[in-house]
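The residues of the chain are indexed from 1 along the displayed sequence. Please read these numbers as outputs of a predicted model, since none were measured by experiment.
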Amino acid sequence: MDITKFSQKELCEAHDVLNGWGWYEKFGEKPTGFDEMPNYRRTFIEKVFHVPAKEDYINPLCKAIENIVPRKELLRYHHIHNLGVTNEEFETWWFLESGGCFNGKSFGYFAKLPGQSLRVKSN
C-alpha cells in the first residue's frame with residue numbers, strides 16, 4: 001500500500017483511527033481476523049510463537065505516517081477532533097508545550113491570538 005497518495009488530512013485521520021486500535025477503511029480491506037486479534041502480544045507464549053496481533057499491522061503504518069506528517073499536525077488533528085479544542089487553543093497549547101517564550105519565541109505570539117492581550121496588572 002502506498003500511503004503517500006493520501007492527503008495530510010487523511011493521514012492524520014488514519015493515524016488517529018489506528019492509534020485507537022481500529023482499522024482505517026480507506027487503506028483497504030481489514031486484515032483477516034483483525035477484530036479478534038489482541039492489540040499486542042502480552043504473554044511470553046504469545047511472543048515466542050508470534051501470535052498475530054494488531055500491532056503487527058498498526059505500528060508500521062503509524063511509523064510510516066509519522067515519517068510523512070509532522071508531529072504538530074498529528075497532534076492538531078487529535079486535539080481538535082478528539083479533545084474538542086479550537087485551532088487557536090491548540091496553537092497556544094503547542095506554543096507552551098514547545099517551551100513558550102523560553103524557546104526563543106516572543107510574547108508577541110499571544111498578541112496575535114484573538115481576544116488575547118499582554119497587559120500587565122499594576123498594583
* Between Asn39 and Ala53, what is the shortest heavy-atom contact and its length? -> O-CB, 4.0 Å
* **Flag if over 12 foreign heavy atoms under 6.0 Å of OH, Tyr40** => no
* To do: Would you give the length of the straight line joining atom CD1 of Ile65 to atom OG1 of Thr4, rounded to the nearest 0.5 angstrom?
  => 11.5 Å
* Asked: Hey, is Glu91 close enough to Lys72 for a salt bridge, meaning N to O under 4.0 Å?
  -> yes
* Structure fact -> Here the pair of heavy atoms bringing Asp2 nearest to Lys5 is OD2-CE, 3.2 Å
* **Ser7 backbone acceptor or donor facing Glu10 side chain under 3.5 Å** => yes
* Asked: Got more than 12 heavy atoms from elsewhere within 6.0 Å of CD, Glu25?
  -> yes
* Minimum-distance pair of heavy atoms, taken over all atoms of Val51 and Asp56 -> O-OD2, 4.3 Å
* Asked: Between Phe27 and Ala14, which heavy-atom pair has the shortest distance, and what is it?
  -> CZ-CB, 3.6 Å
* **Parallel, tilted or perpendicular: rings of Trp93 and Phe90 (30°, 60°)** => tilted
* To do: Keeping the roles fixed (side chain from His15, backbone from Leu11), state whether a donor-acceptor pair exists under 3.5 Å.
  => no
* **Minimum-distance pair of heavy atoms, taken over all atoms of Pro38 and Pro52** => CD-O, 3.6 Å
* Asked: Shortest non-hydrogen contact from Gly28 to Trp23?
  -> O-NE1, 2.9 Å
* To do: Measure from the side-chain N and O atoms of Glu73 to the backbone N and O of Gln8, and report whether any donor-acceptor pair falls under 3.5 Å.
  => no
